Amino acid sequence: MAAPDPNIGEFRPVIRQLDDAAINRIAAGEVVERPASAVKELVENALDAKATRIEIAIADGGKTLIRVTDNGVGMTPDDLPLALSRHATSKIDGTDLLNIHSFGFRGEALPSLGAVGRLTIRSRTADGEGTEISVHGGEQAAPKPAALSAGTVVELKDLFYATPARLKFLRTDRAEMQAISDVIKRLAMAEPFVTFILTDVSGGQSRTTFRADGETGDMFDALHARLRQVLGKDFADNALAIDAEREGVHLTGYAALPTYSRGSSVQQFLFVNGRPVRDKVLYGALRGAYMDTLSRDRHPAACLFIDLEPTRVDVNVHPAKSEVRFRDPGTVRGLIVSGIRHVLAEAGHRASTTVASATLGAMRPEPDSAAGARVYQMDRPSPSARGAAYQYQAPDIGFAEMAPDYSGRVEVVDTAGGQPDETSAEAKPLGAARAQVHENYIIAQTETGIVIVDGHAAHERLVYEKLKTQMAENGVAAQALLIPEIIEMSDGDAAQLLGVADELSRFGLTIEPFGGNAIAVRETPALLGEVNAEAMLRDILDELSDQGSSTLVQEKLDAILSRVACHGSIRTGRWMRGEEMNALLREMEATPRSGQCNHGRPTYVELQLSDIERLFGRT
């Protein structure tokens, strides 16, 4: 801490008006943090101008050149000088700052960029003349004629040359280019009908790093095709379409199956009225929707669009416009949770295609021996395998008598008529059980391949879903405390907890005000047994502060039910009869979320016959 100035009484700071150049540079520090921020502002301007094709050229990670070309409505010669003035915009009239229908509305981007770089704008309307205007380090030149077709070209050179200290905080060209690419991909997902082309022109060479041509068709088809381009085939193949509405809030988009989970949140994209945002409430809701299908170290993948009346959301929270504030965040959060859980339940037993791909990828031909010739297992059987083979070839000894010597067996299942009903069972999604190996894994045959089921994991999910249904129907049993636990808190913490008291009581946790800032805990969930009420309330407070809501009590109850389901399910090592295996398969087909266990791992793998034949070179 600096020592107090002994002469402070003799000096009075003078209040002065900053000039426009200084004001623009200060604003640039808020709006333009790095080249990716400049690209975001310019591309959003192009989208607001109704452009259907946007080309972005970048050199040296955006440090030396950013050029954005669009085919939008363009600007007139009179508009160009005004566009470089602070707080001049065509997107709002200033009468209602909550009723915003465009990306931009502040009128700060272009003057801010002109204050810290060398900015040139060329623009032309469909029936007007082309005009060019430049501003370098805040110094604006006079407009002059320019030749170009309808649309606008914005060229920004030498970013931060007027504020060289900012250059020291930029990362490598590769890192800055990656940040720009991420911005373009997010905007491309928000506008699937627009063509985006990102080109790296560093070193005098032109290389297209990302291209997404405008899609056609309805919104869902266009978005699905765009997500295939941006996020890849795996996401598109394993994503579920969402279309839900509640109290004027509309949720659309795609959410991936739980078995298509990620190690981080890199594939979570959220949009509010078409604007890419980063909001803790929304991310918390997305996490809560997958709460009992993913372990804590896995993250869901989703691209969600929330549309509501602009007056119900405030986008004027941060200069970068990446944060929003909802008038009713509880409604939005509840819609995300219920919408995703509904489509996951409708998906039933479905698991992601990447599970089968990973399985096939793990199957590799045996490497060549030192002599160069391939050695097959049948060329060098073990002594026990040779002994079993000799027993099998001996007369009067059948396969049934050898069952104790093997970890697998095959059993034909008879129907009520006494004949195998193979055709109808194989037509089922999970097929007909044919064998159990290693006292756990069920091998089933379908019309197009085979299915390998983890019997314990599958039955664990089935029991867990039954227990959750029972708890939902009968409620959570609460255990009244003989002596209520009184917990002293700050005024704000007590008010925050009492604000969610009704929600907590649904899960068996009853709290009441106890005078002042104290809270009395009257009841706790009976399933949890002895509970440290104060520690639980502190954890709930942390979640409320971080995410705006808390699912801690529900998570604890689900964890108890999950452990009960684990202990109550079929144990590894138990032989199952053929009818038991088929009954398990049929129940999986009828139970929501049975494609993954309680921890998000797949319960079965489906292999197509064509893939199996390819492994053996039979194609």
Side-chain angles (χ1 to χ4, degrees), residues 91-92 95-103 105-106 186 190 219 241-255 265 268-291 300 302-345 472 491-507 509 511 513 537 539-555:
K91 299 162 188 177
I92 61 172
T95 59
D96 191 352
L97 293 180
L98 290 179
N99 194 18
I100 295 173
H101 297 266
S102 57
F103 282 106
F105 57 88
R106 292 174 178 271
R186 286 179 182 270
M219 185 62 194
I242 299 176
D243 189 0
E245 189 169 0
R246 177 192 295 177
E247 300 178 19
V249 182
H250 193 193
L251 173 67
T252 56
Y254 286 87
S265 58
Q268 295 178 6
F269 304 96
L270 302 171
F271 303 83
V272 176
N273 289 343
R275 185 191 306 277
V277 299
R278 300 179 184 274
D279 186 87
K280 291 189 294 184
V281 172
L282 301 183
Y283 284 118
L286 180 58
R287 184 76 186 177
Y290 286 84
M291 183 174 58
C303 180
L304 303 178
F305 294 81
I306 300 165
D307 293 289
L308 70 170
E309 283 295 324
T311 54
R312 298 178 62 183
V313 58
D314 186 3
V315 298
N316 193 20
V317 177
H318 188 273
K321 300 184 288 290
S322 61
E323 300 177 12
V324 295
R325 183 175 296 132
F326 295 100
R327 182 186 296 178
D328 186 5
T331 299
V332 178
R333 185 187 187 282
L335 180 61
I336 293 176
V337 173
S338 61
I340 293 179
R341 288 185 176 177
H342 178 71
V343 298
L344 291 181
D491 188 20
D493 289 348
Q496 198 169 17
L497 278 174
L498 292 173
V500 295
D502 291 341
E503 182 180 347
L504 294 177
S505 66
R506 290 174 42 235
F507 298 103
L509 181 60
I511 60 175
L537 289 183
D539 290 343
I540 291 173
L541 269 173
D542 290 342
E543 277 195 345
L544 289 173
S545 301
D546 185 47
Q547 302 176 7
S549 61
S550 175
T551 58
L552 180 68
V553 181
Q554 185 178 355
E555 287 180 356

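These numbers come from the heavy atoms of this one structure, side chains and all, not from hydrogens, waters or symmetry mates. None of the values given here were measured: they were computed from a predicted structure.
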Does Y290 form a side chain to side chain contact (heavy atoms under 4.5 Å, CB included) with L344? I'd like the steps, not just the answer.
CA-CA 9 Å; Y290 286 84; L344 291 181; 4.0 Å; yes
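- Remark: M291 engages R341, T551, Q554, E555, D558 in a side chain to side chain contact (heavy atoms under 4.5 Å, CB included) (not counting sequence neighbours).
- In this view, A289 and I340 satisfy the side chain to side chain contact (heavy atoms under 4.5 Å, CB included) rule, not counting sequence neighbours.
- The main-chain N or O of F269 is never found under 3.5 Å from a side-chain atom of R186 such that the two would form a donor-acceptor pair.
- Contact check for H342 versus I242: no side-chain heavy atoms found under the 4.5 Å cut-off.
- Among residues two or more places apart in sequence or in another chain, the side chain to side chain donor-acceptor pair (under 3.5 Å) test is passed with D493 by S490.
- By the 6.0 Å contact criterion, CZ on R246 is enclosed, its count of non-hydrogen atoms from other residues, nucleotides or ligands being greater than 12.
- Using a 4.5 Å heavy-atom threshold, the side chains of L282 and V277 count as touching.
- Considering every non-hydrogen atom in both R312 and V249, the closest pair reads NH2-CG2, 3.8 Å.
- By the side chain to side chain contact (heavy atoms under 4.5 Å, CB included) test, D307 is found to be paired with H250, T252, N273, F305, residues two or more places apart in sequence or in another chain being considered.
- Annotation: side chain to side chain contact (heavy atoms under 4.5 Å, CB included) contacts of A345 (sequence neighbours excluded): P592, R593.
- The minimum heavy-atom distance between A255 and A302, with the atom names listed, is CA-CB, 4.0 Å.
- Between Q268 and P300, the closest heavy-atom pair is NE2-O, 3.1 Å.
- For A501 against I511, the heavy-atom pair with the smallest separation is CB-CG1, 3.9 Å.
- Using a 4.5 Å cut-off on side-chain heavy atoms (C-beta onward), V332 and V313 make no contact.
- Here S265 pairs with nothing under the side chain to side chain donor-acceptor pair (under 3.5 Å) rule; sequence neighbours left out.
- Nearest heavy-atom pair, G339 versus A244, reported as atom, atom and distance to 0.1 Å: CA-CB, 4.4 Å.
- A 4.5 Å side-chain heavy-atom check between L308 and V272 finds at least one atom pair inside the cut-off.
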